[in-house]
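Chain letters run A, B, ... following the sequence lines, proteins first and then strands; every chain starts at 1.
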Amino acid sequence: MTEKQKLLLIDGNSITFRGFYALFMQTERFVNHDGLHTSAVFSFKRMLDKILDDVNPDKILVAFDAGKKTFRTEKYSDYKAGRKKTPEELSEQFPYVKKLLDCYGIKHYELKNYEADDIIGTMSKEAEKHGYETTIVTGDRDLTQLVTNQTTVALTVKGVTEIEYYTPNHLSEKLGISPSQITDLKGLAGDTSDNYPGVSKVGEKTALKLLNQYGTIENLYEHIDEFKKSKMKEHLIEDKEIALTCKNLATIRRDAPLEIGLADIDFAGKDIEKLREFYQSMDFHKFLSELNDKKSEEVSNEEELPSIVELTFENIDGQRLNADNASFYLELADENYHTSPFWGFALLTDGQCYVSKDVSLLKREPLREFLENKNKTLDVFDGKKTYVSLKRLGIEAESIDFDLLLVSYLLNNTDNSNDLGQLCQKQGYFGVKSDDEVYGKGAKKEICADETFFEHLRSKVFAIAFLKQKLMQKLKDNSQDHLYFEIERPLSIVLAKMEIAGIKADKETLETMGSRFKEKISDLESLIYQEAGETFNINSPKQLGMILFDKLGLPGAKKTKTGYSTAVGVLEKLRGNDIVDNVLLYRQFAKLKSTYIDGLIKVMDQDEKVHTRYTQTLTTTGRLSSVEPNLQNIPVRLEEGRKIRQAFIPSHQGWEIFSSDYSQIELRVLAHISKDENMQKAFKDDFDIHANTAMKIFGLSSPDEVTPNMRRQAKAVNFGIVYGISDFGLAQSIGCRRDQAKTFMETYFESFPGVKRYMTEIVELARNQGYVETLFKRRRYLEGIRSKNFNQRSFAERTAMNTPIQGSAADIIKVAMIKMQETLEKEELKARMLLQVHDELIFEAPEEEIPVLEKLVPSVMDSAVKLDVPLKVESGHGKTWFDTK
DNA sequence: CTCATCACG
DNA sequence: ACGTACGTGATGAGC
């Protein structure tokens, strides 16, 4: 029996477009010696390799559009009319994509009056008839209408190498419809990119609902009389013609008069010599060396890459390191650098790459001297990780010059990867493989053979050195050097020291609380089972939902994707019902037990200390985050949970925990950047800011008239303002009607015109420049700010309003932390800074130092940055974290 | 591995 | 009409 023949069909236009836009930011980097742009060709080649590897086809055809005019434009003159003109940088690349295909031995084809889709549709029909297994590659979801059990559509999701495979099953899971209904979907919902409108006011959601009920557009119109009188019904009737035309336009033709057939598209295989010439003309050096590598081992990258010197116990003494800068990389077995085994290191200096798996060599000369010498600098990837790891070996390497991870995060914090290989790719350097690829993923991760391992390490240190100049220059261009040199880089060492110090957690306290919770949980469990009349898993939202809403028939069922929602918001409305009340209590205790009691005990070291890791390069706003354990979300709002804080204690007898936090830092930042006079005045006079807002929005003349409920609502309004407000969101949070929320907002903006002006201007600015900045020039690019999609755009607009506020507050506390650490060291205090929780700093100190801290910490914090309004800091101290309030 | 839930600022 | 607050991380279920 022979295996099924495999056919690969590629939508050449779509993939070339995708490839171009995937590297859009890099367009000007991809220019060859003749001034030709090459980014799309480059991407296409990478996609091709990936898909060839995945599919291993016998036959391939790449289809292109023949030109602008097709039978579709004749039928419908506005077809694709809204599209922007293809940029010259892209259109000039099409001939070269085709040339690449020629070199690969792949047939390409275009047909006058037809689009690439139709060629693919026709060819795949032919292939099904002959029993082929077909894969269609495209970036256009329309093509999924061709999916069958023999034909799969590989849709590029992000860029061109990340691919989602559509089978009939997958389609039905994703959209709940069959392939043939794709055209009905397009008919109803339209397609903005092709500029056909669909039925007015019907978007994808509505269309899917209708299709679920009626199957096809035609059937829907048969039953149109059964519709209740509604706006939607009117629109459907009104736009019937449009819907049918659009469906027709979206329908891929499967009878195009092709002049070629399956017999003409055998995959001939690459012509290495032609490819070599082609890569040379494109200046694709990396692909060239790939070719060479494959052809013969002796043609290596020797000219480009430094040679590897493996250090050993025997040869280390003879080494001399004369330069005063090196790239250094330490490889660990797992992510937790406080505890992970060491795998090895690489040090690149003076054109030599020293490597070893034996990290104890780092303690020997000349390496130790090099790492610790304050006059010699290191370039690294993740300085904090490097510092902490080396500290475990007794080495203090504080003089870091370039930190690739940190710099690239500052340049662009939207999906900044923590994988060196991936990150380099984003910066346009493709020489480093991803760790997953070299070591394997998850449970299968393991160190590879020495040679591969050392080469991988070499590629990392080389990449660090390679990207240094370029990225540092970009920092300068963005005026972000201050942010890097004065804030983030010193902060990484401060954070490292806090992590190493760790905070002590009292195991006994935790265990006592744990057994108390355990009892409560099992009591509640039996009560719930009794009330439900059966036992089930209360932790399963699925099972719980069925008990509450199906079996017990409680009202207010709300659906999520997978079933009923049983979130607090839903259950809260049913309060008073015994089983619901008990479930809510159960949840509360279960959460405390599993996350905070068991979770904390799990990550304690021998000294009962927990050492979190702050991720400095993750958030899009500039905040830190904290993992293993997360010490930034220890309960505080509910009394029962707050007691967890009693377990956090000083690490020495006679010491206390001391805590200081900024009061309303985000609103103060807003008052500063918006320059709103009323708001600034409120802070300058040290008013209760929420009460002040309440007075304004309720039109009161004296603070005495503010009721607690008014203050609560005003507080929600203030939060809403910071988040980038919407009337819906506000109504939700204070539980009022939407129009009422809207009135609140309008009154608010009348009272604080400066804030309104800020909101308008920041969105405008974001739209113009594509990003927003914080006080210290931290940047956030806003992908969707110019999007035609309402949701994407609205989200980007709220983000534009929120990021400068949240981000500047993050900047400020970072500055304070650096100054704080400096002061503690200079004053030779025993006190140590342990934690940061966004607007709060937590210390431990000997009792006798507490009076000192009470003055010192607030003064350092409130003078960290000079704003138009004062910063206010509140402090507390006690035997445990719980007692600091 | 993704989802729902819930802890924090 | 669209479908909603902004940032995070850990857990247990259920595929």
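If you check B/dT5, C/dA5, C/dT11 against the side chain of A/Lys602, the one that comes closest is C/dT11. Checked against B/dA7, C/dT8, C/dG7, the side chain of A/Ser625 finds its nearest nucleotide in C/dT8. Of the candidates C/dG7, B/dA7, C/dA10, B/dA7 carries the atom nearest the A/Pro635 side chain, counting heavy atoms from C-beta on. For A/Arg798, counting side-chain heavy atoms from C-beta on, the closest listed nucleotide (C/dT11, C/dC6, B/dA7) is C/dC6. The listed nucleotides are C/dG3, B/dA7, B/dG9; the one nearest the side chain of A/Tyr723 is B/dG9. Side chain of A/Arg587, nearest nucleotide from B/dT5, C/dG7, B/dA7: B/dT5. You'll find that the side chain of A/Leu730 is closest to C/dA5, out of B/dC8, C/dA5, B/dG9. Distance from the side chain of A/Thr566 is smallest to B/dT5 among C/dA5, C/dG3, B/dT5. Minimum atom distance to the side chain of A/Val636 is reached by B/dC8, of the listed C/dG7, B/dC8, C/dT4. Distances were taken from every side-chain heavy atom of A/Thr620 (C-beta onward) to each of C/dA10, C/dT8, C/dC6; the shortest belongs to C/dT8.
Side-chain N/O atoms of A/Gln632 and base N/O atoms of B/dC8 include no donor-acceptor pair closer than 3.5 Å. Evaluation of atom-type donor-acceptor distances gives a pair under 3.5 Å for the side chain of A/Ser733 against the base of C/dA5. Put simply, the side chain of A/Ser726 and the base of C/dT4 share a donor and an acceptor less than 3.5 Å apart.
Computed from coordinates, the A/Asn791 CG to C/dA1 P distance equals 15 Å when rounded to whole Å. The interatomic distance linking A/Asn630 (CG) with B/dC8 (P) rounds to 11 Å, in whole Å. When rounded to the nearest whole Å, the span between CG of A/Asp839 and P of C/dT8 equals 16 Å. Per the geometry, CG belonging to A/Asn537 stands 12 Å off P belonging to C/dC15, to the nearest Å. Put simply, NZ on A/Lys591 is 6 Å from C1' on C/dA10, counting in whole angstrom units. Per the geometry, NZ belonging to A/Lys542 stands 19 Å off P belonging to B/dT2, to the nearest Å. Atom P of nucleotide C/dG9 and atom CZ of A/Arg613 are separated by 11 Å, given to the nearest angstrom. For the pair A/Lys444 NZ and B/dC1 P, the computed distance is 10 Å after rounding to whole Å.
Of the residues A/Leu834, A/Val857, A/Thr884, A/Leu835, the one that meets the side-chain contact (heavy atoms from CB on, under 4.5 Å) test with A/Phe843 is A/Val857.
Regarding contacts with the backbone of C/dC6, every side-chain N or O of A/Arg623 stays at 4.0 angstrom or more from both OP1 and OP2. When the side-chain nitrogen and oxygen atoms of A/Ser565 are compared with OP1 and OP2 of B/dT5, one or more of them lie within a distance under 4.0 Å. Here A/Ser594 does not reach the OP1 or OP2 of C/dA10: none of its side-chain N or O atoms lies under 4.0 Å away. Checking the phosphate oxygens (OP1, OP2) of C/dG7, no side-chain nitrogen or oxygen of A/Thr619 falls inside 4.0 Å.
Side-chain N/O atoms of A/Thr774 and A/Ser808 include no donor and acceptor closer than 3.5 Å.
Base pairing of C/dG14: its partner is B/dC1, meeting the Watson-Crick or G-U wobble criterion (both donor-acceptor distances under 3.5 Å). Applying the Watson-Crick and G-U wobble criteria (two distances, each under 3.5 Å), C/dC2 pairs with nothing in any strand.
When heavy atoms are screened at a 4.0 angstrom cut-off, A/Glu628 is found touching the sugar-phosphate backbone but no base atom. Contact annotation for A/Val722: no contact, since no heavy-atom pair falls under 4.0 Å across all strands. At a threshold of 4.0 angstrom between heavy atoms, the contacts of A/Arg780 are confined to the sugar-phosphate backbone, with no base atom among them. Residue A/Leu618 is in sugar-phosphate contact alone, with no base atom involved, counting any heavy-atom pair closer than 4.0 Å across all strands shown. Residue A/Leu624 is classed as having no contact, given no heavy-atom separation below 4.0 Å to the nucleic acid. Nucleic acid contact for A/Gly724: none, since no nucleic acid atom lies under 4.0 Å from a heavy atom of the residue. Within 4.0 Å of A/Arg637, counting heavy atoms only, lies at least one base atom of the nucleic acid. Note on A/Ala800: nothing from the nucleic acid sits closer than 4.0 angstrom, heavy atoms only. When heavy atoms are screened at a 4.0 angstrom cut-off, A/Asn802 is found touching the sugar-phosphate backbone but no base atom. Note on A/Gln543: only backbone sugar-phosphate atoms sit closer than 4.0 angstrom, heavy atoms only; bases stay farther off.
A/Met745 and A/Leu730 get closest at one heavy-atom pair: CG-CD2, 4.0 Å. Considering every non-hydrogen atom in both A/Ala796 and A/Gly784, the closest pair reads CB-C, 3.7 Å.
Taking the P atoms as reference points, B/dT5 lies 24 Å from C/dC2, given to the whole Å. Distance check on atom C1': C/dG3 versus B/dA7 gives 26 Å, rounded to whole Å. Taking the P atoms as reference points, B/dC3 lies 15 Å from C/dT4, given to the whole Å.
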I'd like to know whether A/Asn718 forms a side chain to side chain donor-acceptor pair (under 3.5 Å) with A/Thr693, so could you lay out the CA-CA distance, the side-chain angles of the two residues, the decisive distance to 0.1 Å, and finally the verdict.
CA-CA 8 Å; A/Asn718 281 334; A/Thr693 302; 3.1 Å; yes

Walk me through it: do A/Asn412 and A/Thr414 pass the test side chain to side chain donor-acceptor pair (under 3.5 Å)?
CA-CA 6 Å; A/Asn412 191 345; A/Thr414 32; 2.5 Å; yes

Run A/Tyr748 and A/Phe744 through ring-ring contact (aromatic ring centres under 6.0 Å, His included) and show every step you take.
CA-CA 6 Å; A/Tyr748 180 94; A/Phe744 282 152; over 10 Å; no

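Going from atom NZ of A/Lys384 over to atom CD of A/Gln616 covers 6.5 Å, rounded to the nearest 0.5 Å.
Along DNA chain C, the nucleotide closest to A/Thr803 and the one closest to A/Asp727 are compared, and the more 5′ of them pairs with A/Asp727.
Applying the 6.0 Å contact sphere to NZ of A/Lys558 captures no more than 12 heavy atoms from other residues, nucleotides or ligands.
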